[in-house]
Participant: 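Take a look at the following structure, please.
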Amino acid sequence: MLLSISLGGIAVLLEKDWVDFSSLDMYKTALPSVVFDDEGQVLARFELDKRTPVSYKKLPKILVNAFVAAEDHGFFQHNGISLRGIVRSTLVNCYRGRVVQGASTITQQLARLMFLYHDRTFYRKFQEVFIAFQLERQLSKEQIFELYINNVYFGRGIYGVQAACKRFWNKSVEDISLDQAATLAAVAKSARLYSPLNAPANAQQRRNIILKVMARMGLACQAEVQQALKVDVHIQDYAPGNPIRLYVQEWIRTWAEGKWGKDALYRKGLKIKTTINTDVQEKAEIAFSKTIHALRQHQGPALNGGLVSIDPPTGRIKAMIGGYDFKQSQFNRATQAYRQIGSSYKPILYALALRAGIEMDTVMVDDPDTPFELTMPNGTLWQPKNWHKKPEGAMTLVRALTYSNNIIAIKLFLALGSSYIIPWTKLFGITRGLTNYPSMALGTAEASVIENVAAFNVFANNGVYVKPYLIEWVKGASGDKIWEVEPCQYRIWDSRLNTKMVNILSQRMLLGKRQYQQKWIDADAIGKTGSTNGAATTWFVGATPSLTTAVYTGRDDNKPVHLLAGRTTFPLWVSLYQSLKSAKKHFYTDPALREVTINWLTGQPCEPSDDPNVITLLR
């Protein structure tokens, strides 16, 4: 009796019209999300790629076969579900106590794409099965496949196979090759994990699996599959937009999708307020593009870099550059690349010396008669050199920092001790590659551009660390604020110590001012170069009272470039700052300090003069 009632109930459910076909037009009402710069101007939009539905008759057979091999071997035979798959996944899910494994046919996937939410629940799977039966009852296999292929998500707002082909290869779906068909099929499982826009290596690995399945099932001939396996997954990404600006757009897309999902980003009309200043961003792009293009003439296309500019008191990111051309490489070198920071670390080391009571007119010796060497714990002999390979004799610490003397930096590190230096370095947001070895004085620690700009900004911001951020707030379509940034900042040391460091770091910029003469920037400036072994990475971190910027250049394969920062990142930084007008002209100066004039070789007080060895310090 109970069995009869249950079967009768199932029969009624199967006859019920679960599917509202009017929802197939749901994407026509999608609202794009809009991204604004710091002045409220539109910076970017996240909207669906133009979808051009393709009829089943126009789909290449290799594409149909690729999706069948990837997603549903029995698509043209079953009635909407795979009983074997359901039994297998049910056992696994019951064992786990939650839905961890699916058994979705293409029909079930269409049901989920068009009519259901994406949560992994037992109830959702129950609905999916019954809607799949309805689809099979009302539509032909060809109609189901056509709807499915025109609504599959390929990442970054791309829905439908035709839009994907245009975006990936700028061609019609009718013209794709076997390897491209298998690449498209690879994405269906997860655009986040397998889209060639996001993960080309993963896409190629899954594509190869699908090609082999096609051969095994007789859906492609063995010779064609072997040839396709030799082809690397390659896309040009024909997305509209500035090839450098797209790094900013992609960072925002990834962040927003991670919080609210792709459906909200591309269909729910979010309003995203960023900290980017369009004028600074554009001028940074011009300076960066010009410099990298010139360097590539000698170093090849592997030469690249990253740049981040922030507002000193708040940490608001005003410009971010993740690389030379997003369409060639989606790797964001501003946020994802961790490189040794070289001598751009030295300002932190010298500031910690000041904090320990060692004034910058203190004299130390880079002995020309006795080359510096250390026996390391493993017994090897370490003989560090200056960048120009020559010892420089006696000098003050302010000169040693200005000319980036390596030997004196190492001696200073040994005098202070790693147990003192490392905890303080972490307060600057530098946490990778910190060691007890004195080579840390030369910048063996690693940081991203965004971490290095935050570290140096402590000097521009009167001793206060601020964590950089890119998004101010996000509003829903109704205008209600659904997210707002929570700034992070803390004081590291007082204004007296920081004023001394600003004075010291300005000495390098005074040398630059003499070099550029009338073409110099219109405000006080501080900065420090940095180069690693063989100049595999070159840095410049610098600031005016209105803007702090870190920039690095280097080959993506990390091979030596043999061009120091004075010929790479420093000219790039100067080019950017020459094009900007600084709202603030002077850094804060602690009124308790007084000016003293010294000879920066001997450290002795002297009268002001035109002697290049005479400088003014604050004490």
Side-chain angles (χ1 to χ4, degrees), residues 340-354 358-372 383-416 438-444 456 459 500-516 520 525-535 537-543 562-571 573-574 597-604 606 609-618:
Q340 289 190 342
I341 58 178
S343 293
S344 67
Y345 171 74
K346 288 176 181 175
I348 297 175
L349 174 65
Y350 280 74
L352 293 176
L354 267 178
I358 303 174
E359 293 293 342
M360 290 296 106
D361 56 1
T362 300
V363 174
M364 295 182 76
V365 180
D366 175 13
D367 196 337
D369 298 321
T370 308
F372 184 82
Q383 295 178 309
K385 306 290 184 184
N386 293 315
W387 61 270
H388 48 53
K389 311 297 183 186
K390 299 175 182 177
E392 295 183 306
M395 70 188 76
T396 59
L397 293 182
V398 60
R399 189 187 187 283
L401 177 58
T402 301
Y403 281 100
S404 206
N405 184 286
N406 286 340
I407 306 305
I408 290 179
I410 293 167
K411 289 184 175 182
L412 194 59
F413 181 94
L414 292 170
L416 295 172
S439 56
M440 183 179 154
L442 308 185
T444 55
F456 189 81
F459 303 110
K500 290 182 179 181
M501 281 304 303
V502 167
N503 170 253
I504 293 159
L505 290 168
S506 69
Q507 302 300 324
R508 171 67 181 84
M509 307 308 283
L510 291 175
L511 295 178
K513 186 176 181 180
R514 293 177 195 142
Q515 176 185 346
Y516 284 87
W520 192 239
I526 58 177
K528 183 69 185 76
T529 56
S531 299
T532 61
N533 287 340
T537 304
T538 60
W539 290 89
F540 191 80
V541 286
H562 299 298
L563 289 175
L564 296 177
R567 297 178 60 188
T568 57
T569 50
F570 180 58
W573 186 93
V574 172
T597 306
I598 66 164
N599 181 302
W600 73 351
L601 291 175
T602 66
Q604 295 300 309
C606 61
S609 73
D610 294 332
D611 187 333
N613 292 321
V614 174
I615 64 164
T616 300
L617 280 185
L618 292 176

Participant: To the nearest 0.5 Å, tell me how far Q515 CD sits from K513 NZ.
Facilitator: 14.0 Å
Participant: Just so I know, are the side chains of E359 and K500 near enough to count as touching, which here means a heavy-atom distance under 4.5 Å?
Facilitator: yes
Participant: Do other residues, nucleotides or ligands put more than 12 heavy atoms under 6.0 Å from the NZ atom of K411?
Facilitator: yes
Participant: On a heavy-atom basis, which atom in G542 and which in F456 lie closest, and how many Å separate them?
Facilitator: CA-CE2, 3.7 Å
Participant: In Å, rounded to the nearest 0.5 Å, how long is the span from CD of Q383 to CZ of F372?
Facilitator: 10.5 Å
Participant: Of the non-hydrogen atoms in T396 and M360, which two are nearest, and what is the gap between them?
Facilitator: CB-O, 3.5 Å
Participant: Are S439 and T444 side-chain neighbours, meaning at least one heavy-atom pair lies under 4.5 Å?
Facilitator: yes
Participant: Determine whether the aromatic ring centres of residues Y403 and W600 are separated by less than 6.0 angstrom.
Facilitator: yes
Participant: Does any non-hydrogen side-chain atom of I407 lie less than 4.5 Å from one of P371?
Facilitator: no
Participant: Test side-chain contact (heavy atoms from CB on, under 4.5 Å) on L397 and D361 and set out the steps.
Facilitator: CA-CA 6 Å; L397 293 182; D361 56 1; over 6 Å; no
Participant: Taking the side chain from S404 and the backbone from L401, do they hold a donor-acceptor pair closer than 3.5 Å?
Facilitator: no
Participant: Check I408 against M395 and note the closest heavy-atom contact, atom names and distance.
Facilitator: CD1-CG, 3.5 Å
Participant: Quick one: which of I348, I526, L354 gives a side-chain contact (heavy atoms from CB on, under 4.5 Å) with M501?
Facilitator: L354
Participant: Could you please spell out the steps behind the side-chain contact (heavy atoms from CB on, under 4.5 Å) verdict for C606 and D611?
Facilitator: CA-CA 11 Å; C606 61; D611 187 333; over 6 Å; no
Participant: If I compare all heavy atoms of W573 with all of A525, which pair ends up nearest, and what's the gap?
Facilitator: CH2-CB, 4.2 Å
Participant: Does any N or O in the side chain of T402 come within less than 3.5 Å of the main-chain N or O of V398, such that one atom is a donor and the other an acceptor?
Facilitator: yes
Participant: Within the supplied structure, the quantity of interest is the number of heavy atoms (other residues, nucleotides, ligands) at a distance under 6.0 Å from N613 CG; does it exceed 12?
Facilitator: yes
Participant: Is there a side-chain contact (heavy atoms from CB on, under 4.5 Å) between T597 and I615? Walk through the geometry before answering.
Facilitator: CA-CA 6 Å; T597 306; I615 64 164; over 6 Å; no
Participant: Between the main-chain N or O of K390 and the side-chain N or O of N386, is there a donor-acceptor pair closer than 3.5 Å?
Facilitator: yes
Participant: Is R508 positioned over the aromatic face of F570, cation under 6.0 angstrom from the ring centre and no more than 45 degrees off axis?
Facilitator: yes
Participant: Walk me through whether V363 and T602 qualify under side-chain contact (heavy atoms from CB on, under 4.5 Å).
Facilitator: CA-CA 7 Å; V363 174; T602 66; 5.6 Å; no
Participant: Which pair of heavy atoms, one from A565 and one from P571, lies closest together, and at what distance?
Facilitator: O-CD, 3.7 Å
Participant: Do the side chains of I504 and Y350 get nearer than 4.5 Å, heavy atoms only?
Facilitator: no
Participant: Per the side-chain contact (heavy atoms from CB on, under 4.5 Å) rule, which among T538, T537, L442 passes with S531?
Facilitator: T538
Participant: State, with a plain yes or no, whether a side-chain heavy atom of Q604 is found less than 4.5 Å away from one of I598.
Facilitator: no
Participant: Taking atom OG1 of T568 and atom CG of L563, what is their separation to the nearest 0.5 Å?
Facilitator: 7.0 Å
Participant: Under 30°, 30 to 60°, or over 60°: which ring-plane class applies to Y516 and W520, parallel, tilted or perpendicular?
Facilitator: tilted
Participant: Let's go through N405 and D366 carefully: what are the C-alpha distance in whole Å and the side-chain angles of both, what is the deciding distance for side chain to side chain donor-acceptor pair (under 3.5 Å) to 0.1 Å, and is it a yes or a no?
Facilitator: CA-CA 8 Å; N405 184 286; D366 175 13; 3.1 Å; yes
Participant: Do R514 and L511 have side-chain heavy atoms sitting under 4.5 Å apart?
Facilitator: yes
Participant: Answer whether the closest heavy-atom distance between the side chains of K528 and F540 falls below 4.5 Å.
Facilitator: no
Participant: Do the non-hydrogen side-chain atoms of L349 and L416 ever get within less than 4.5 Å of each other?
Facilitator: yes
Participant: Closer than 3.5 angstrom, by distance alone: can the side chain of T569 be matched with the main-chain N or O of W539 as a donor-acceptor pair?
Facilitator: yes
Participant: What is the minimum heavy-atom distance between V614 and S609, and which atoms define it?
Facilitator: CG2-OG, 3.5 Å
